[in-house]
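Read through the structure below, which is laid out as structure tokens, and then see the notes.
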Number of protein chains: 2
Amino acid sequence: MTTPGRGLHGHVLESLGPAITAGEYPPGSVLRTDELAQRFEVSRSVMREAVRVLESMHLVESRRRVGVTVLPTSEWNVYDPQVIRWRLAGADRPRQLRSLTVLRSAVEPVAAGLAAEHATAEECAELTECALGMVASSRGHQLEKYLFHDVAFHRVILNASRNEMFARLGDVVAEVLAGRTRHQVMFWDPDPAAVTLHVKVAEAVRERDAARAEELTREIAVGALQELDILAP
Amino acid sequence: MTTPGRGLHGHVLESLGPAITAGEYPPGSVLRTDELAQRFEVSRSVMREAVRVLESMHLVESRRRVGVTVLPTSEWNVYDPQVIRWRLAGADRPRQLRSLTVLRSAVEPVAAGLAAEHATAEECAELTECALGMVASSRGHQLEKYLFHDVAFHRVILNASRNEMFARLGDVVAEVLAGRTRHQVMFWDPDPAAVTLHVKVAEAVRERDAARAEELTREIAVGALQELDILAP
DNA sequence: TGCGGAGAAAAAGTCAGACCTTTATGGCGC
DNA sequence: GCGCCATAAAGGTCTGACTTTTTCTCCGCA
């Protein structure tokens with residue numbers, strides 16, 4: 001997605017990171033830099049750089065005379081896009097999808113409300129275009145195309161909210177939607193009700209109706225939660 | 001707070017990180033590892049580790065033959081607690097406080113609703129205790145004591161939501177509350193209405209009334225937004 | 001004049017080895 | 001049984017040499 005494994009240390013990270021987030025080394029496990037360097041056939045300096053990055057993500061802690069200790073999940077920087085990607089690729093993908101979807105359900109309605117207040121004419125147009133694209137691809141097994149427009153739609157909303165923290169969740173939402181499409185229950189065409197809601201959100205934003213945009217987005221969120229059985233039906 | 005500057009590379013980071021997030025090196029600026037190493041009087045290996053960490057936060061990008069380029073704000077990992085701390089310590093503290101408060105206003109009501117569903121008896125007790133502590137310290141210039149209970153209250157809520165992403169915002173909320181108390185408009189005693197609302201949230205959670213907990217927390221959020229002039233009065 | 005390729009230079013990337021610093025631990029004496 | 005000290009194990013730091021990639025420049029040719 002964003003950063004492929006640039007450099008040797010990046011390559012090491014792409015192997016170690018997923019292993020740690022997948023729980024292959026349980027919290028408390030102790031690794032030794034030298035041993036890791038040997039295992040990955042890189043120099044100590046390269047391995048040290050990799051460990052530093054893992055440490056900055058709070059996945060591990062390096063202490064003298066002890067080694068590199070794997071930290072408990074509660075310490076991890078779970079908002080780090082890299083960490084999110086690693087976890088979504090691993091075994092607890094379902095758990096992760098749930099957590100992230102709940103986060104979306106909290107953030108996106110508020111973001112939509114703000115978007116209604118701040119969206120430029122251009123953004124309104126983009127939004128409508130995305131919604132129409134979703135409608136067009138909502139039938140006949142065009143899941144990939146639908147996903148594309150869906151992601152674009154939510155990105156525009158988050159960016160138009162003019163809130164930096166919201167905007168940076170665009171990648172997260174993209175990952176969640178992609179995960180849902182490719183590994184979840186969307187074997188058939190998307191729920192027509194959801195498609196309609198997106199069109200209505202685009203309308204509400206265009207009409208600067210913040211309350212309505214928020215409420216409609218909340219309905220979309222409820223749908224997403226139900227898909228994952230987080231809410232009672 | 002969490003990680004003081006452990007090791008030489010940590011020391012370098014605590015100087016370079018704030019400088020970059022403060023915009024001292026505008027996006028596009030190019031730094032050279034060797035020059036930085038000289039400036040900070042550390043070896044290249046140490047400087048390389050520091051740069052790796054900055055790179056993992058997407059504050060900079062390192063490219064051969066070019067150097068270490070400062071990335072635009074839109075690329076930064078703004079959820080990284082370290083980055084948040086650096087920015088809160090710098091010049092755009094007010095902007096940052098606004099962004100984070102809006103985030104809080106989206107997340108905390110939902111978290112409170114979930115907390116009402118999932119809180120253990122022990123957590124309910126803690127919550128009540130915090131609320132009472134807030135009441136007790138809400139008069140007579142006991143701002144530090146009030147802050148302590150306030151932070152604890154919101155931490156319990158976020159943890160009791162049983163959502164990992166929400167729980168990890170505990171530190172962020174703590175920073176925001178601390179920032180508000182120490183650098184913002186709270187020269188006098190806190191708003192009695194806010195104190196009352198906290199007590200009521202604790203009640204609602206104890207009574208497992210998710211909707212009420214959510215609504216009350218939303219009112220607290222509105223108050224916080226008004227304090228920063230984000231909402232019309 | 002403009003363009004494409006060869007070459008040079010600049011900067012990061014990698015490595016190996018030596019040495020320093022901290023700290024857990026185990027043994028020794030009290 | 002308790003506390004102190006020596007020891008060793010691991011990460012931390014530094015240095016210098018070498019490699020690799022990439023960009024810039026300059027030259028020759030069309």
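Chain identifiers are assigned alphabetically (A, B, ...) following the order of the sequence lines, protein sequences preceding nucleic acid strands; residue numbering begins at 1 within each chain. In what follows, every heavy atom counts, from backbone to side chain, and hydrogens, waters and symmetry copies are set aside.
Between its two ends, the helix from C:dT1-D:dA30 to C:dC30-D:dG1 turns its axis by 10°, counting five pairs per end and rounding to 10 degrees.
The shortest side-chain heavy-atom distance between B:Thr181 and B:Tyr146 does not fall under the 4.5 Å cut-off.
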Pairs: protein N or O with nucleotides 3-8 of chain D N or O, under 3.5 Å:
unit_1: D:dA8; atom_1: N3; unit_2: A:Arg65; atom_2: NH1; d: 3.4

Mind listing the N/O atom pairs, protein and nucleotides 13-15 of chain D, below 3.5 Å?
unit_1: D:dT13; atom_1: OP1; unit_2: B:Leu8; atom_2: N; d: 2.6
unit_1: D:dT13; atom_1: O4; unit_2: A:Arg44; atom_2: NH2; d: 2.8
unit_1: D:dC14; atom_1: OP2; unit_2: B:Ser43; atom_2: N; d: 3.0
unit_1: D:dC14; atom_1: OP2; unit_2: B:Ser43; atom_2: OG; d: 2.9

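Atom CG of A:Asp34 is separated from atom P of D:dG12 by 11 Å (rounded to the nearest Å). Between the CD atom of A:Glu61 and the C1' atom of D:dG11 there is a distance of 13 Å, rounded to whole Å. In this structure, B:Glu55 atom CD and C:dG13 atom C1' are separated by 12 Å, rounded to whole Å. Protein atom CE of B:Met47 is 13 Å distant from nucleotide atom P of C:dG13, rounded to whole Å. The distance from atom CZ of B:Arg6 to atom P of D:dG12 is 8 Å, rounded to the nearest whole Å. Put simply, CG on A:Leu13 is 13 Å from P on C:dG13, counting in whole angstrom units. Regarding B:Gln38, its CD atom lies at a distance of 12 Å from the P atom of C:dA11, rounded to whole Å.
Screening residues 79-117 of chain A for ring pair (Phe, Tyr, Trp, His ring centres under 6.0 Å) gives A:Tyr79-B:Tyr79 as the qualifying pairs, with residues at least two apart or on separate chains.
Using a distance-only test at 3.5 Å, with no hydrogens or angles considered, no donor-acceptor pair links the side chain of B:Arg104 to the main chain of B:Leu225.
Residues A:Ser56 and A:Asn77 share a closest heavy-atom pair of O-OD1, 3.3 Å.
Listed by chain and residue number, nothing satisfies the side-chain hydrogen bond (donor to acceptor under 3.5 Å, both in side chains) test with A:Gln142 (two or more places apart in sequence, or in another chain). In terms of the ring pair (Phe, Tyr, Trp, His ring centres under 6.0 Å) criterion, residue partners of B:Phe153 (sequence neighbours excluded) are, by chain and number, B:His198.
Within 6.0 Å of OH in A:Tyr25 there are more than 12 heavy atoms belonging to other residues, nucleotides or ligands.
The pair B:Arg52-B:Glu49 does not meet the salt-bridge criterion, since no charged nitrogen lies less than 4.0 angstrom from a carboxylate oxygen. Ion pairing between B:Arg39 and B:Glu35 holds under the 4.0 Å rule for side-chain N and carboxylate O.
Atom CZ of residue B:Arg206 and atom OG1 of residue B:Thr128 lie 4.0 Å apart, to the nearest 0.5 angstrom. Atom OG1 of B:Thr21 and atom CD1 of B:Ile84 lie 11.5 Å apart (nearest 0.5 Å).
Here A:Leu36 lies out of heavy-atom contact (under 4.0 Å) with every strand.
Close to C:dA24, at under 4.0 Å from its OP1 or OP2, lies a side-chain N or O of A:Arg63. Not one side-chain nitrogen or oxygen of B:Ser62 sits closer than 4.0 Å to the OP1 or OP2 atom of C:dA12.
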